[in-house]
Structures are given as structure tokens and as C-alpha cells.
2 protein chains.
Amino acid sequence: MATTLPSPADAEAPTPAFSPLYQQIKGLILQSLQAGEWRPGEAIPSEMELAARFRVSQGTVRKAIDELAADNLVVRRQGKGTFVATHAERQVQYRFLKLMPDTGDQATEGPAERRVLDCRRMRSTAEVARALALRSGDAVVQVRRTLAFGGTPTILEELWLPGNAFKGITAEQMAGYHGPTYAMFELEFGVRMVRAEEKIRAVAADAAAAGLLQVPAGSPLLSVERVAFTYNDVPMELRRGLYRTDTHHYRNDLS
Amino acid sequence: MATTLPSPADAEAPTPAFSPLYQQIKGLILQSLQAGEWRPGEAIPSEMELAARFRVSQGTVRKAIDELAADNLVVRRQGKGTFVATHAERQVQYRFLKLMPDTGDQATEGPAERRVLDCRRMRSTAEVARALALRSGDAVVQVRRTLAFGGTPTILEELWLPGNAFKGITAEQMAGYHGPTYAMFELEFGVRMVRAEEKIRAVAADAAAAGLLQVPAGSPLLSVERVAFTYNDVPMELRRGLYRTDTHHYRNDLS
DNA sequence: GAGTGGTCTAGACCACGCG
DNA sequence: GCGTGGTCTAGACCACTCA
């Protein structure tokens, strides 16, 4: 049946290489997600509906959705439906933040206290442009802020965002929103971060960082450089964080 | 059919809670893996054979194996079969080592040059015992070594292994084996590491570490504390590494 | 009780690897 | 050409949620 499929599905397969039907369906659902057909947190159509729309069996749709769920683009809830993933959910406060208090976890610790130091538009340097797939000199927004836990400043970070997608962002918006920053990005700018890559190093605190994080100059800090991506691997944020690791640690699970 | 299954499968379900058939099958295959019915790198029986053995359909076995493959316990190869995962494979040199050269990757860099500083049996401290789920004073093996890339010492690490499982391990074994240490553990001791947890911090190099890594005392280093587990979440290694991050970085992908 | 995702089956056919 | 895993289907039934 895969080769004799009518129009909708295999119209999407420009590669002669062979792509399973469920992959094509996955691609189509992905396009709808990208296009904003369903908003973050909303339910997507049921498996039966999608099967009817694409003229395939429920099992094929199921396998497509299975992969989307494995990629964290979508969340299944038995008896209720399948929902577009969002950063604005109770579950884990900060999905991409792997810094944990040495005792307890993110949940026991409560939300971070944010302090925005700076938020301004500027022209991107060559380095920032490369990370964000822009041209040097394109408009970017730079944000600098600290995050504190229980009164102790723990993270100092600098964000760069493409000026185009984040027109009109303000320090008040960055500071005022209650909840993850990425949830604010979804709500206010329609930008959904889906995946990220981090490069981690140990560095010595310079005078400025030391002051803001209330540690002696030269103290070892964790440097975390993150590039976050929306759909289709489009980079939408460069973030450089300095973490204190005297009361917290970066946790990672390998398998 | 799930409720009327004959002996083999639901003899394994002590929980009345409801466990899908394929989960029970997964558990049974896992037991065989654990028991060493098939050695690392070997093929396990085909889906049809397993389906016949367990008296379920091929689809159910498939779903069980899908999960084992997702957990990296097993590797599927179309047209050939399904194989027990091993650390002794070309693919990625060091599966659990996330340290990458700033330019290029593990493949371009070639294998690490190992130097074993120390390998001795001792009684475990309370801290080591806790991590390895032993009692304080139980026998453990401590290994200290450095890894260098292109002549530059980059990693200084200390390993603790349960003395029981690693009887008779020698410095020569640690140094002499060509390939990942975890592959040597599989071959020589039948211990297969399946999963690990890491806690990462930034620390200042003490005099000893600075000397061995050829950096000034007080230099920032990445401290990586790893607990590695075999099947059933049994901890089998505690490892504390210090990484230079002037030419390398710890890479992590989030989703 | 209706609707959703989750499980299980049986059978057909496809892509791949290897002799 | 055979055996392996991979895809696709259709239909039955189960577990969960909510009105």
C-alpha cells in the first residue's frame, strides 16, 4: 500500500531513497506543528482523525506520533489525547536546566529569583552570528541576568536572540513573567525551543562575574554554552551561563 | 490473551497492578541477558524464535526488543539480527565519555594514551561504600590513571570497583588492554556497564592534580563524578575524573 | 458510556545481508 | 533465495478520563 498511496502522503517524498510511510506522516504532522495549526498545550487530533486525514491506518499514525513523543515534541496522555509539548508545564520547572541542588531536586528548591541586568538590541558579532546562523551585523537582542536560589545568586547568564523573531522584547518582559523563560517565548513570540546543545567548561571567575555571583575572583565556575533550536534545527538562542557549583551540580544521565 | 497466558510469562508478574505482556517479555529477555545466555556482541534469537519460545506474537516480541534497543541494551541490524550491546565496538570509541576536542570529534582524535598510576585493593570508605551499595570496609579496588590526547594529559581519574566482582584485577590489565576500559571489564570480568549518572562541578586544581595534568595549581578543572550501573541498576563503578577544558569541552545534547 | 490512547494479534509484503 | 528485521494493515479488546 505504501507505493500505491494517493496524493497527500507521497507527494512529500522528494527523495527516491525510500522513506517509510510513518516517517512521511511524521513529517506532515511536524509541518502542522511548525505552522502553528495547534498551539502549545493544546491537543492535536486523535489518532483516528489523523489516520482518516492522511488515509493510512491508525497503526501508522501511532508510530509517527510515537517518534514525535520520543523527541519531546508532543506528549501523550492516555484517555485524554496527545498534546503539543510546552515549556509551561508543572512537571519539571526548567526542562533544559540540568543544575540541581546538592540536596533535593528542582521541585524542592522552588523557582529561581530572576534579576535582569541588561536587555538591549545590538548588532551581532561574528561569533554570535555564526551560532545563530545570521550574518555579522544583523540585529540581535542581548540579555544579561542572574538567577538566585534561596537568596544565593547561582547563575549569571547572557542570552542572544535573533532580533527578527524577538522584536520589541523588554527587560520587563524578561523579568516579569512567572515561569520558565522559554514558556514566555512561546506565549509572547511564538518561538518554541525544541532541542539544545551545550558545551561545558570549567573557568575562573573574572572580577565582574565574581561580584555578581558573590564569590572570590578566580573561583572556579561552570561555563555552559547553549545553542537552542526550534523545529527543523533552526537556532534561535545562544546562551552563555556561569554556574556556581559549590551548592549545586550539573547532573547528566548517560546510557 | 494477556490474562490467560500460560506459565512462562505471567509467572514473572508478582505485581497485581497490570503489566503489559510486552513488558513481561522484556523482563524475561533481560533476565537472559543478565544470566549471560548470550555474550556481548552475539546475536540473540530472532523475533520469530522468541515469539515461539514465549508463546506470543512476533509483534509483542518486537515491542519488547524495541524498548531494549531504546535502552541501548541491544542493537538491531536489519537483515542480520539483534545483538547484545557491547562497549567493544568501532562505532563510538568511548560511549560514556562526553569530552570532545574543541575542533573535530572523538573519531578524528584517536584513542587516548593511558597511564596507570596506581591499582590497589583497599577497604572502602563510607562514601565509596554508599555509592557502590556496599558496607564500609568492604573490599574495593582503587585505580588512578591519566588519559592523554596527542601527548597532552587531559584527564586524571580515580576509579573504585567492588572487590568482589573484580578479583585479581591488575595495573597491567588496566594499562595493557587496547580499547575502552568498559570493554575490558566485559571480557575479563563479565561486567557490563549499561547506564551511568554524572555530577559535574568546576573545581580548582590542587598541587597534585596540577602536576599530573601539567597546568598551574589553582587552574579551573571540570570535576566529573560518575556512578556506572549494570543491569537492574546495580552500581559497579564509582569514578571521579578531573578534565582539562582548555582544549576540550564536555558536550551534552538536551531535548 | 463515549472517546482517547494502549495492547495484542495475524498476516502480507518490503528492504537488507549473505551465501 | 533464504532469513533477518522493518513496515503496514485491520480488527479486537483493555485501561483511563470525563461528562
Side-chain angles (χ1 to χ4, degrees), chain A residues 1-6 8-10 12-13 15-29 38 41-70 73-85, chain B residues 1-6 8-10 12-13 15-29 38 41-70 73-85:
Chain A
M1 172 71 93
T3 59
T4 62
L5 235 209
D10 58 3
E12 306 305 322
T15 70
F18 168 70
S19 159
L21 231 199
Y22 76 87
Q23 287 284 6
Q24 304 174 35
I25 303 300
K26 181 184 174 185
L28 292 173
I29 299 177
W38 318 293
E42 272 184 17
I44 72 175
S46 75
E47 297 180 351
M48 289 303 257
E49 283 178 272
L50 290 171
R53 179 198 298 193
F54 299 127
R55 314 279 194 73
V56 297
S57 80
Q58 189 199 2
T60 302
V61 170
R62 169 171 290 273
K63 184 141 190 191
I65 295 182
D66 277 346
E67 292 214 345
L68 292 170
L73 296 179
V74 115
V75 176
R76 321 188 73 141
R77 270 177 253 174
Q78 184 173 153
K80 302 183 72 174
T82 302
F83 299 80
V84 181
Chain B
M1 171 73 89
T3 59
T4 62
L5 235 209
D10 58 4
E12 307 305 322
T15 71
F18 169 70
S19 160
L21 230 200
Y22 75 87
Q23 287 284 6
Q24 304 174 36
I25 303 300
K26 181 184 173 186
L28 292 174
I29 299 177
W38 318 292
E42 272 185 15
I44 72 174
S46 75
E47 297 181 351
M48 289 302 258
E49 283 179 271
L50 290 170
R53 180 198 299 193
F54 299 128
R55 312 282 192 73
V56 298
S57 79
Q58 189 200 1
T60 301
V61 170
R62 168 170 292 271
K63 183 140 193 190
I65 295 181
D66 278 346
E67 294 215 344
L68 292 171
L73 297 178
V74 116
V75 176
R76 323 189 71 142
R77 270 177 254 174
Q78 185 175 151
K80 300 184 70 174
T82 301
F83 299 80
V84 181

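Remember, predicted model here, so these are calculated numbers, not experimental data. By convention in this document, chain letters (A, B, ...) are assigned in the order of the sequence lines, proteins followed by strands, and residues within each chain are numbered from 1. Computation of the quantities below employed the complete heavy-atom set of this structure, encompassing side-chain atoms and omitting hydrogens, waters and symmetry-equivalent molecules.
- Along DNA chain D, the nucleotide nearest A:G79 and the nucleotide nearest B:G79 are compared for position; the residue whose nucleotide lies closer to the 5' end is B:G79.
- Put simply, NZ on B:K63 is 16 Å from C1' on D:dG6, counting in whole angstrom units.
- Distance from the side chain of B:S57 is smallest to C:dT9 among C:dG5, D:dT7, C:dT9.
- Within the 4.0 angstrom heavy-atom criterion, base atoms lie near B:R62.
- Here the C1' atom of nucleotide D:dT9 and the CE atom of A:M48 are 13 Å apart, to the nearest Å.
- Rounded to whole Å, atom P of C:dC16 lies 7 Å from atom CZ of A:F18.
- Look at CG on A:L68: it is 13 Å from P on C:dG5, rounded to the nearest Å.
- If you check distances only, the side chain of A:R76 never reaches the base of C:dG6 with a donor-acceptor pair under 3.5 Å.
- If you measure from atom CZ of B:R55 to atom P of C:dT9, you get 13 Å, rounded to the nearest angstrom.
- For A:E47 (side chain) and A:V61 (main-chain N/O), no donor-acceptor pair under 3.5 Å exists by modelled atom type.
- Within the structure, every side-chain polar atom (N or O) of B:K80 is placed at least 4.0 Å from both OP1 and OP2 of D:dG3.
- Note: CG (B:D66) to P (C:dG6) measures 15 Å, nearest angstrom.
- Counting to the nearest Å, the P atom of C:dC8 and the CZ atom of B:F54 are 14 Å from each other.
- How far OG of B:S57 is from NZ of B:K63: 11.5 Å, rounded to the nearest 0.5 Å.
- Remark on DNA chain D: of its neighbouring residues A:Q58 and A:Y22, the 5'-side contact belongs to A:Y22, judged by nearest-heavy-atom nucleotide.
- With hydrogens and angles ignored, the 3.5 Å screen pairs a side-chain donor or acceptor of A:Q24 with a backbone N or O of A:S19.
- Taking OG1 of B:T60 as the start and CZ of B:F54 as the end, the distance is 12.0 Å to the nearest 0.5 Å.
- Heavy atoms of A:Q78 sit under 4.0 angstrom from at least one base atom.
- With rounding to the nearest 0.5 Å, the separation of CZ in B:R76 from CG in B:L68 is 9.0 Å.
- For B:S46, counting side-chain heavy atoms from C-beta on, the closest listed nucleotide (C:dT9, D:dC8, D:dT4) is D:dT4.
- Distances were taken from every side-chain heavy atom of B:T60 (C-beta onward) to each of C:dT9, D:dT7, C:dT7; the shortest belongs to C:dT9.
- For B:E49 and D:dG3, the CD to P distance is 11 Å, given to the nearest whole Å.
- Close to C:dG5, at under 4.0 Å from its OP1 or OP2, lies a side-chain N or O of A:T82.
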